[in-house]
Amino acid sequence: MNNAYNLLSEPIRKYIRDKRWEQLRAIQTVAIEKILTSDNNYILISRTASGKTEAAFLPILSKVDFYEPGVQVLYISPLIALINDQFNRVEELSKNLDITVTKWHGESSRALKEHLIQNPAGIVLITPESIEAMFVNKAYQVRHMFSNLKYVVIDEIHSFIGTDRGKQLQSLLSRLQDINTKSFSIIGLSATVSEENKFIEVKEFTGNIEKTKILIDRSHKIIQVDFRYFEGETESLPLDLLKDLYVETKDNKALIFPNSRGRSEEVAVKLKKIAQKVNGHINYFSHHSSIDREVREYIEFFAKNNARQNFSIACTSTLELGIDIGTVDEVIQIDATFSIASLIQRIGRSGRKDDESSNLILYATNSWSLLQSIACWELYNEGFIEPAFMNDRPYDIMLHQALSIIKGSPGKTVKALTKLLKENFAFNKIDQEEIIEIINHMIETDLLEKLQQELILGLEGEKIVNSRDFYSVFTTEPYFKVIHSGNVIGEIPYSTELSTIENIFLAARIWNIQYIDMKSMKIDVVPAKDGNNPVYHGVGGNIHPRIKEKMLEILYCDLKFDYLNNICFDQIREMRKDFSYFNLPNLKNERPLLIGDLHILLYTFTGSRINHTIKFLLDLAGITSSLDDRKSEFYMETSKSFFLEKWKDITSPLTEIDKYISKLLKSKPFLLNFSKWGEHLPEKYQVKILKDKYFDIDNTQEFLNKIVLVENDEK
DNA sequence: GACCTGCTGCGGGCTG
């Protein structure tokens, strides 16, 4: 054992001896030394299953005096399931030390919560929404419990960075800091943090850039990668792909990521059918957000506790984060991931033991998806992770926090509330005048009410805050529950065709719809023999520009990529040939423009948000286009001269873009649906959040200013 | 072309 071990307290050293660990992991060694000798914030970055939780808790438990009054350590997790997993580990770590460990989330015991309120001490494991609820409903107790905090540990911190939920958490951290006379330190844990901008996004997250240091272990496992190509001609997955997938997975423990809930059902049901025909194992499951929680927990339990039996789980990002399902032999991705970060998380699920490599198979059903998969794989090997999208002016989250603050402690003046929000580091880039304008709007719309000079909740504000839905900042759609003889299986969206659809797949089984109860939103089903995927309606994802640029680079180089078999490489060769007609010596600044007799095709090879913005600018210029974001392709039925004439001035509306977005929002109010609280903002600020979150004005301007179109006539 | 996440307080009824 090394020097770090000797720095730990004796009970912790005993824990390590009892566990018979031969040595500390790299991230643990460095974290122990740093955390024990300073009060900085630290972000611990190292791959899945490398002992990050212990890297944080071994030194914290050594350092903190748990006999002091109040809760000493707060562990914050994005998932309840993760809290339940970590509870067991943290409790085991703490048992020699007589430290209370309490789970605090919507499904944990009320009696234990009550006990903690009476005797605040030790470690609390909690979700951001539960902290929010405490500030709203137990404002006095929050001070009583959390005003002597020493450490806040944030697990899977990357899942918060650059999101609305992350802004909410930042605001809650800032509010917690306000009730602590001495400042607490923050420890963030993650396997995937971008270092493109020198870690600025994660450092900013803690509210103190200077005090936040990065501890990173870049070592990674050897990954066996295998690309396979099966062209899809219909909506359904090609039969040959399914057969190949069956043979590949039948003797293994496999996680299969087909990118959507509907496809997960298709994969699980169809593989199971093949298995039944050939008498293979039939441990085929689907795991996604529309599968009932109990069914999902059963699948997780099965995966974790069946050492002998093989299984395949077709899943969405539900199995991407650190929920403990044990080790799997292989990870299979069907068509490209939307991000490198996601690819890394998925790879991390296989070969978790030290001596195992990770096995990854990437299937593609069309050439553009294959190209994107190769681009992601290449970028992964270059160490690229897309930086989180930064949202400096979250007016909607600030409005939500203003309601939370006034509910928790009414009677503040406008001036006092403005000061609180301005000093909250989640909102420090929002101007004071803007804050005052939004508070006044809230008073006008009865969200807040002014009694003499003191603010309380208004009638509309009461309605919103006193609802169960207030504590989270994300929206969810209402679905119909699917029930078989009293047991809930999962849920599906209602559509008018549903009653005429014969049968649906759900939870890896096939069901016949018997009865739809419109009032209580329930669907009764019985087992059936054949059917179709359920259709969940989603909106497209946002791909980072670097992935699309990499796709362009792959088309204009002559690398052979020796990990590709002939079938895959033939696809790339074909695409290279198609694009070879454009002479593009400068890939940074040039893009192909194909001129046909009746139409024009523009290939931007850039990110989704820039593409959305260009589409909007084309609309404003009077050019109707249809955008296929997968190919970064704009299809326009217009003449070359008309297009080029308009293209010269395409960026001119950007100077007064607010006016145009305002008009767009009036005709399409649903564009704001991504924001749960945006509808309560003054219109001016609704336009601003659309501008910041849906479009990407600055980067589009920069892109259009540098890009030169290279023409070629269609043969 | 998407995917994911979480949740109070109160009162009534039931069990042992």
Side-chain angles (χ1 to χ4, degrees), chain A residues 76-84 103-108 110 113-114 117 126-139 141 155-156 158-160 162-166 168-169 172 232 235 257-264 286-291 293 296 314-323 333-339 341-343 345-346 364-366 368-369 371-373 376 400 404 407-408 462 464-477 493 535-543 547-548 607-608 611-612 627-633 674 676:
Chain A
I76 301 172
S77 155
L79 304 175
I80 289 178
L82 209 52
I83 289 182
N84 295 339
K103 284 190 267 193
W104 188 299
H105 56 66
E107 294 170 14
S108 65
R110 291 190 181 200
K113 288 180 182 170
E114 199 52 43
I117 292 173
I126 197 165
T127 60
E129 287 73 18
S130 282
I131 303 176
E132 184 75 65
M134 288 171 104
F135 269 115
V136 168
N137 300 309
K138 303 184 194 339
Q141 278 116 329
D155 208 350
E156 307 279 8
H158 65 277
S159 72
F160 292 114
T163 69
D164 285 349
R165 201 176 180 208
Q168 177 190 27
L169 177 55
L172 295 169
E235 286 282 294
F257 290 93
N259 282 355
S260 75
R261 288 172 282 180
R263 274 242 156 125
S264 293
S286 68
H287 189 288
H288 53 75
S289 66
S290 295
I291 300 292
R293 186 164 217 136
R296 281 158 67 178
C315 56
T316 59
S317 49
T318 46
L319 289 182
E320 204 172 274
L321 290 183
I323 301 170
Q333 177 67 42
I334 301 179
D335 286 330
T337 54
F338 283 61
S339 70
S342 186
L343 179 65
Q345 292 286 142
R346 291 173 185 189
T365 62
N366 64 74
W368 283 91
S369 170
L371 181 62
Q372 186 172 318
S373 260
C376 287
H400 173 256
S404 168
K407 166 74 184 190
E462 288 281 357
I464 293 170
V465 178
N466 293 332
S467 139
R468 197 166 172 262
D469 204 31
F470 178 70
Y471 311 105
S472 69
V473 295
F474 48 84
T475 53
T476 46
E477 282 174 74
V535 178
Y536 298 95
H537 306 282
V539 285
N542 279 330
I543 306 283
I547 294 177
K548 298 291 175 181
S608 307
N611 278 340
H612 290 154
L627 164 65
D628 183 342
D629 194 48
R630 283 183 282 190
K631 306 177 183 175
S632 272
E633 177 194 87
F674 64 83
K676 188 162 169 181

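Lettering of chains follows the sequences in order, A, B, ..., and the numbering in each one begins at 1.
- With sequence neighbours excluded, the residues forming a ring pair (Phe, Tyr, Trp, His ring centres under 6.0 Å) with A/Phe470 are A/His400, A/Trp677, listed by chain and number.
- For A/Asp155 and B/dT5, the CG to P distance is 16 Å, given to the nearest whole Å.
- A/Val539 comes within contact range of at least one nucleobase, with a heavy-atom separation under 4.0 Å.
- Spacing between atom CG of A/Asp629 and atom C1' of B/dG1 amounts to 8 Å, rounded to whole angstrom units.
- With distances taken from any side-chain atom of A/Arg296 to the nucleotides B/dT5, B/dG1, B/dC4, the minimum falls on B/dT5.
- Looking only at distances, a side-chain donor or acceptor of A/Lys548 sits under 3.5 Å from a matching main-chain atom of A/Arg630.
- Put simply, the side chain of A/Lys113 gets close to the backbone of A/His105: a donor and an acceptor are under 3.5 Å apart.
- Per the geometry, OH belonging to A/Tyr536 stands 14 Å off C1' belonging to B/dC4, to the nearest Å.
- Looking at heavy-atom distances under 4.0 Å, A/Glu156 makes no contact with the nucleic acid at all.
- Nucleotide B/dC4 holds its P atom 17 Å from the CZ atom of A/Phe160, rounded to whole Å.
- In terms of phosphate contacts, A/Arg346 brings no side-chain nitrogen or oxygen within less than 4.0 Å of OP1 or OP2 of B/dC4.
- Residue order along DNA chain B, read from the 5' end via each residue's closest nucleotide, puts A/Ser369 first among A/Ser369 and A/Thr316.
- At B/dC3, none of the side-chain N or O atoms of A/Arg263 fall inside 4.0 Å of OP1 or OP2 (strictly under the cut-off).
- A/Asp629 and A/Asn611 share a donor-acceptor pair across their side chains, judged by distance under 3.5 Å alone.
- Taking each heavy atom of A/Pro78 and A/Asp155 in turn, the nearest pair found is CD-O, 3.5 Å.
- Across the protein-nucleic acid pair, A/Ile323 atom CD1 and B/dT5 atom P stand 8 Å apart, rounded to whole Å.
- Summarising the geometry, the separation between CD1 on A/Ile126 and P on B/dT5 is reported as 19 Å, rounded to the nearest angstrom.
- A/Ser317 has its side chain out of reach of A/Phe257: every pair of non-hydrogen atoms, C-beta onward, lies at least 4.5 Å apart.
- For the pair A/Asp164 CG and B/dT5 C1', the computed distance is 12 Å after rounding to whole Å.
- Rounded to a whole Å, the CG atom of A/Asn84 is 14 Å from the P atom of B/dT5.
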Contact letters for nucleotides 6-16 of chain B, in which S counts primed atoms plus P, OP1 and OP2 and B counts the base, heavy atoms under 4.0 Å: BBBBB------
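- Scanning for side-chain hydrogen bond (donor to acceptor under 3.5 Å, both in side chains) contacts around A/Glu129 gives A/Arg165, with sequence neighbours left out.
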